[in-house]
Amino acid sequence: MSLKKIIIIDFGSQFTQLIARRVRELGVYSEIISHKKKINFSNKDVIGIILSGGPLNVYQTKKVSFDKKILNQDIPVLGICFGHQIISKELGGKVKQSKFREFGLVNIKKNKESVLTRNFFNKDGKNNVWMSHSDQVTKLPKNFEKIASSTNSKFCIIQNKYKKFYGIQFHPEVTHTHNGIKLIKNFLFSICKSKKNWSSKEQKEKIIEEIKTQVGHSKVICALSGGVDSSVVAKIIHKAIGKNLTCIFVNTGLLRKNEEIQVIKTFKQKLKIKLIYVNAKNLFIKKLKKVNDPEKKRKIIGNLFIKIFEKYSKKISNIKYLAQGTLYPDLIESKSVTGSQTSKIKSHHNVGGLPKKMKLKLVEPVKFLFKDEVRKLGEELGLSKEILYRHPFPGPGLAIRIPGDIDENKINILKEADNIFIKSLYKYNLYHKIWQAYAALLPVKTVGVMGDNRTYEHICLLRAITSEDGMTADFFNFKKDFMQDVSNQIVNSIKGINRVVYDVTSKPPSTIELE
Ligand code: XMP
């Protein structure tokens, strides 16, 4: 099954992913392709092309690749910012550095009616849009006409309606552009004649079919962590190939309270997915004994995890594939253009070092999905909201929430404190307002008084943050009664903690985790 799709050609804009999101939000499947790659038009599945913005100048011909075939396919093309400038240049117009650079909100006015701008302008024929450019189109290519302009840009929206080529100087994909989504909607449905083909149900069916085609009757293993991505991956592969999937779940002893019990209950007992449970708790604690350095801790945990995973996967005969929960943002290839974007560092739970050594091929069923799409797919697959909307949890687990060396006693104390904190968030209806929350155990002891007795115990640090993607974060503003309740519960019920503090730093300068 080949889905009709919109191709987004990435010229390195920070908003390229956002364009893909908007198209998909409107229910149309889209894919991002680097400007350095050629599009395959032979399948006839490309029904529209969007050219992204980017930091380059259209005359930097050594750095900018533009496949001229795009303009000879009888397929509608929409250029955004740099994309608008490059189609103008390629079709014989002129682009120049402008005396007036435009960054931020700009008021534009309508010069002509267009299918693209239906329902976009206000009643007075104006609209506020978000610009970010220093170059601009100064001469239109042949057969193009001006649809909108601003005081400083003559050609804010242009079109060649016969060829269905459109150019927009501003960014319709950002929310600051009022009604920007209407432009994208008109391009998709009125100009490209797209049909909605990207609901969770369709995604599920497409992915299941792809897994079946890729894997056939071969066997697949999957490292299950209990988090959103690996849970959805396991569930959908199981739907596709049933018994030929085996999951391996390693209990590092560094998981949240009772997490291993929940994972076994869900996957083995409820979903009936073949699961190898490895209790490696003692091994991890032994290897981490007296290790203080955060990076050493991470490395020990990562390497041990891979070793255990490898050992148990060898026990299953004839495995050909390793399943991974790679997501779309991990795949985007725009980094080469600006040199400023770097790919995310993968945690050991993605077992990235394995396939080469074990000669396994990869199955990455959700590699074209964003995180929220993975969650929706999970719902479509019947996974519980508890699994799908859980706060992120780091691969090295509680080890990086106990600065310095760790031992079983510290881990047990922390599990209890964390459990109280998280349960209270649910009780006060705060859990889903927070991006991530956890308790940590600080390796400092302070004096307290309980009853008439002096205590000398550890400090528990609470952290709760709001964030979009974990790259930046702000601390969550709790009310006093919540903090008081949690603090009382922790100090009164957990032996080993006599003081609770709240982390009020943002990221940056701090990170979300302590190590
Ligand atoms: P930091 O501490 O870098 O955390 O601000 C950002 C987000 O990443 C998570 N995190 C990890 N996730 N393996 C993971 O799977 C890791 O090694 C790891 N380290 C940090 C962290 O929990 C937060 O959500």
Side-chain angles (χ1 to χ4, degrees), residues 222-234 248-256 259 263 284 287-288 291 293-309 323-327 329-330 341-354 364 366 370-372 374-375 387-404 406 414-415 417-418 421-422 425 431-442 461-476 503-515:
C222 174
L224 196 63
S225 73
V228 182
D229 306 336
S230 68
S231 299
V232 173
V233 163
I248 300 181
F249 172 55
V250 180
N251 179 4
T252 58
L254 304 165
L255 305 169
R256 287 169 283 207
E259 196 157 5
V263 172
F284 276 89
K287 289 266 180 199
L288 287 166
V291 182
D293 181 71
E295 273 316 294
K296 263 198 198 144
K297 276 160 107 177
R298 279 174 174 273
K299 281 212 179 96
I300 290 171
I301 297 166
N303 290 338
L304 190 54
F305 182 89
I306 288 179
K307 240 176 152 174
I308 293 170
F309 186 81
Q324 275 202 4
T326 314
L327 299 189
D330 303 327
Q341 285 165 290
T342 48
S343 37
K344 260 188 208 157
I345 294 159
K346 290 264 171 173
S347 72
H348 68 263
H349 269 302
N350 291 327
V351 280
L354 282 174
E364 298 173 298
V366 294
F370 292 98
K371 189 89 176 180
D372 59 323
V374 173
R375 288 199 163 112
I387 293 177
L388 298 173
Y389 291 90
R390 253 178 141 186
H391 291 173
F393 188 70
L398 301 184
I400 57 172
R401 295 176 177 175
I402 306 172
I406 63 174
L414 179 55
K415 279 188 179 183
D418 187 69
F421 186 32
I422 300 300
L425 290 175
Y431 187 82
H432 295 295
K433 295 189 177 130
I434 289 165
W435 199 81
Q436 189 171 10
Y438 67 84
L441 192 71
L442 301 186
L461 173 140
L462 302 180
R463 185 130 170 86
I465 53 108
T466 53
S467 176
E468 287 262 312
D469 51 12
M471 303 299 280
T472 58
D474 197 4
F475 70 89
F476 186 80
D503 187 340
V504 291
T505 39
S506 57
K507 172 184 178 178
S510 286
T511 50
I512 295 173
E513 301 292 344
L514 297 191
E515 288 191 330

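Along the sequence shown, residues carry numbers from 1. From a predicted model like this one, the values you see are computed outputs, not experimental measurements. Remember, it's 1-based here, ligands and their atoms both numbered in the order they're listed.
Distance alone, capped at 3.5 Å, places no donor-acceptor pair between the Arg375 side chain and the Asp229 backbone. A donor-acceptor pair is defined here as one N or O able to donate and one able to accept, closer than 3.5 Å; no such pair exists between the side chain of Arg298 and the backbone of Asp293. Proximity of a side-chain donor or acceptor of Thr466 to a complementary backbone N or O of Trp435 within less than 3.5 Å is not detected. Not a single donor-acceptor pair under 3.5 Å links the side chain of Lys297 to the backbone N or O of Leu288.
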Please output the side-chain donor-acceptor pairs of residues 388-397 that fall under 3.5 Å, not counting sequence neighbours, one pair per line with the distance.
{"unit_1": "Tyr389", "atom_1": "OH", "unit_2": "Glu379", "atom_2": "OE2", "d": "2.6"}
{"unit_1": "Arg390", "atom_1": "NH1", "unit_2": "Glu259", "atom_2": "OE2", "d": "3.3"}
{"unit_1": "His391", "atom_1": "ND1", "unit_2": "Ala437", "atom_2": "N", "d": "3.1"}
{"unit_1": "His391", "atom_1": "NE2", "unit_2": "Tyr431", "atom_2": "O", "d": "2.9"}
{"unit_1": "His391", "atom_1": "NE2", "unit_2": "Ile434", "atom_2": "O", "d": "3.0"}

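Residue Trp435 touches ligand 1 through its side chain alone, judged by heavy-atom distances below 4.0 Å.
Considering both main-chain and side-chain atoms, Gly470 never comes within under 3.5 Å of ligand 1 through any nitrogen or oxygen pair. Checked against a 3.5 angstrom limit, the closest N/O atoms of Gln436 and ligand 1 fall inside it. The shortest N or O to N or O distance between Ile512 and ligand 1 is under 3.5 Å.
Both cation-pi conditions hold for Arg401 and Tyr438: the charged atom is under 6.0 angstrom from the six-membered ring centre and inside a 45 degree cone around its axis.
Atom 17 (O) of ligand 1 has its nearest heavy-atom neighbour, among Arg298, Glu513, His391, in Arg298.
If you number the atoms of ligand 1 from 1 as listed, the ones under 4.0 Å from a heavy atom of Lys507 come out as 1 (P), 3 (O), 5 (O), 6 (C). Using a 4.0 Å cut-off to heavy atoms of Gly395, the atoms of ligand 1 that qualify are 12 (N), 13 (N), 14 (C), 15 (O), 16 (C). Close approach to Pro396 involves these atoms of ligand 1, each under 4.0 Å from a residue heavy atom: 13 (N), 16 (C), 17 (O).
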